[in-house]
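Notes to accompany the following structure.
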Amino acid sequence: ATYDGPRRDDLYIACDRALSFECEGRLYSMTPSVKYPVVLAGVSAASGPEWVVLSRAFAEYVHRGVREAGTLVRDIYEDLSALSIPEETFFQTVLMSSAFCKTLV
């Protein structure tokens with residue numbers, strides 16, 4: 001993938017879970033040795049396109065889980081909400097960190 005600079009009005013962006021800053025078309029890490037936010041214990045971080053096909057069972061699992069505090073889905077949702085493009089990580093991370101990982105086609 002290529003990087004064409006920040007989206008309009010973006011100043012700080014999260015890239016690969018590192019807090020970064022764009023200046024004159026270059027991306028600089030502000031925390032090169034620290035990943036932000038910290039990956040949850042026991043979670044297999046994954047990413048992919050924002051366009052996915054989900055089974056009804058998985059969609060219902062996500063729908064129920066995101067509404068209940070303390071569930072794996074809710075914890076992942078809250079963890080990824082700080083990223084600039086969580087839609088390319090959320091479903092993939094939930095899938096790979098749940099019993100649904102065996103349903104991946």
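From a predicted model like this one, the values you see are computed outputs, not experimental measurements.
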Q | side-chain contact (heavy atoms from CB on, under 4.5 Å) partners of Leu72, counting only residues at least two apart | A | Val43, Tyr61, Ile76, Ser97, Ser98

**Q.** side-chain contact (heavy atoms from CB on, under 4.5 Å) against Ala57, all qualifying residues, sequence neighbours excluded
**A.** Ser55, Phe100

Q.
Quick check against the 3.5 Å criterion: does Arg74 have a side-chain atom that pairs as donor or acceptor with the backbone of Val66?
A. yes

Q. Under 3.5 Å, is there a donor-acceptor pair between the side chain of Gln92 and the main chain of Pro49?
A. yes

(Q) Filter on salt bridge (Lys or Arg N to Asp or Glu O under 4.0 Å), then keep only pairs touching residues 56-68, sequence neighbours left out; what's left? (A) Arg56-Glu60

Starting at [atom1] of [X], measure out to [atom2] of [Y] and round the result to the nearest 0.5 Å.
X      : Y     : atom1 : atom2 : value
Thr103 : Phe58 : OG1   : CZ    : 7.5 Å
Met96  : Thr89 : CE    : OG1   : 13.5 Å
Asp79  : Phe90 : CG    : CZ    : 11.0 Å
Leu80  : Asp75 : CG    : CG    : 10.5 Å

Q: State yes or no: do Val62 and Leu104 share one hydrophobic cluster built from I, L, V, M, F, W and Y residues joined by side-chain heavy-atom distances below 4.5 Å, directly or via other members?
A: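 Shared cluster, yes.
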
